[in-house]
Amino acid sequence: MEKRVAYLEKRIRGKLEHLGFEVHPFKVGWYNAVLPSVFHLSYSDNTLAFVVLSIPAMFDKAFKPFLKSQPLEKILDPVDQCISHHLSLVRESLADRQVEIMYDYEMLPNRKPRFLAQTAAHVAGAAYYYQRKDVQQDPWGEKKIYGVCIHPYYGGWFAIRALLLFPDVEVSFLQQNPPIDCVRTEEEKIELLDKFNFHWQDWRYRDIIEVKEKYSEEQKTYFAAPPAERLKLLGLQG
Ligand code: B12
C-alpha cells in the first residue's frame with residue numbers, strides 16, 4: 001500500500017474505529033468495473049475511497065453519547081445525524097484534503113442511490129454481497145430477489161453507512177482483498193436470500209453465520225420501534 005493511503009487510512013481509523021465503525025479502502029475503478037455506467041462514480045479509476053460500516057458497538061460508543069450531547073429538539077433523524085456528525089469531524093480533521101462524503105440514504109435527481117452500498121462493501125473486501133446469481137438452482141421464479149451483504153464477524157448485524165472519497169488522491173498500488181465468502185453452501189445462500197427478502201423483519205437473516213457480536217436487546221428494540229417512539233425507549237423523551 002502506498003504511504004499516502006496508509007497515512008489517510010490510519011487517520012480515519014483513529015477517528016472512527018473506537019466509536020464502532022469500520023473503514024475499508026478501495027479504488028473507484030474496482031467499483032465502477034462491476035456496475036453499468038448509470039451507477040458509476042464519476043471519478044477516475046485510481047481515485048481513493050473508503051466505505052464506512054457501523055458495527056454493533058456503534059450504538060453504545062457513538063450513538064448514545066451523541067444523543068446525550070445534543071439538544072433533543074434539534075434531532076430529527078438520530079442515527080443519520082450521529083453518523084454525519086462523526087464523518088464531518090473526520091473531514092475537519094483532514095482539512096488539508098478535499099473529502100467528498102456520500103451517505104447510504106442519499107438519492108440522485110434520477111432517484112437512483114448516490115452509491116450502491118453493497119457493491120462498495122463487496123469490492124472493498126468488507127462484506128460479501130450475496131446475490132441471486134450466486135445461487136445455481138434458483139427457486140424463486142418470477143419473484144424479485146434483493147441481495148444482501150454478510151460480514152465475516154457480524155453476519156447481518158451491521159450497516160453500510162457512507163463513502164469517504166478523495167477526489168485529489170490517485171493511488172496506483174492498492175491490494176484488492178476479496179470479501180470472505182462466509183455463507184458457503186448453496187442451501188445456506190438460498191436460506192439467506194429467502195430470509196432477507198421474505199422475513200427480514202424477524203432479524204433471522206442476520207444470524208446466517210455464527211457471529212462475534214450482535215445488536216444488544218436495547219439496540220434491537222430501538223430499531224424495531226417506529227421512529228416516533230425510539231427516543232422514548234432510551235429514556236430520552238417523556
Ligand atoms: Co434496503 N437496504 N432494505 N431497500 N436499501 C440497503 C440495500 C442497505 C445496504 C442499507 C444500509 O446498510 N445502510 C441494507 C442492506 C445491508 C446488507 O446488505 N447487509 C438494506 C436493508 C437492511 C434493507 C431492509 C432489511 C430494511 C432495513 O432494515 N433497512 C429491507 C430488506 C429487503 C426487503 O424488502 N425484503 C430493505 C428494503 C429496501 C427497499 C425499500 C425494498 C429498497 C429496494 C431494495 C433494492 O433495490 N436492493 C431498498 C433500497 C432502495 C436500499 C438502498 C437505499 C439502495 C439499493 C438500490 O437501489 N440498489 C440501499 C442503500 C444504498 O445502496 N445506498 C439500502 C439498486 C440495485 C439495482 O442494486 O440490486 O445491488 P443491486 O444491483 C447491482 C449489483 O448487482 C451490481 O450491478 C447492479 C446494478 O446494475 N453488480 C455487481 C452486477 N454484477 C455484480 C458483481 C459483483 C461482484 C458486485 C459486487 C456487484
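Reckoned from all heavy atoms, side chains included, excluding hydrogens, waters and symmetry mates. Numbering starts at 1 and runs along the sequence shown. Order of appearance sets the numbers: ligands from 1, and atoms from 1 within every ligand.
Within 4.0 Å of ligand 1, the residues that place a heavy atom are Val34, Leu35, Pro36, Phe39, Asp104, Met107, Pro113, Phe115, Leu116, Ala117, Gln118, Thr119, His122, Tyr129, Gln131, Lys133, Tyr146, Val148, Cys149, Phe158, Ala159, Ile160, Phe196, Asn197, Trp200, Tyr205, listed by chain and number.
For the ring-ring contact (aromatic ring centres under 6.0 Å, His included) test, no residue two or more places apart in sequence or in another chain qualifies with Phe115. Considering only residues two or more places apart in sequence or on other chains, Glu191 meets the salt bridge (Lys or Arg N to Asp or Glu O under 4.0 Å) condition with Lys195.
Ring centroids of His24 and Phe50 are separated by 6.0 Å or more, keeping the two rings apart.
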With a 3.5 Å cut-off and sequence neighbours excluded, list the donor-acceptor pairs that the side chains of residues 30-38 form with protein atoms.
| unit_1 | atom_1 | unit_2 | atom_2 | d |
| --- | --- | --- | --- | --- |
| Tyr31 | OH | Leu116 | N | 2.7 |
| Asn32 | OD1 | Leu41 | N | 3.0 |
| Asn32 | ND2 | Leu41 | O | 3.0 |

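Within a 6.0 Å radius of OH in Tyr153, no more than 12 heavy atoms belonging to other residues, nucleotides or ligands are found.
Taking the six-membered ring for Trp and thresholds of 30 and 60 degrees, Phe66 and His85 have ring planes inclined between 30 and 60 degrees apart.
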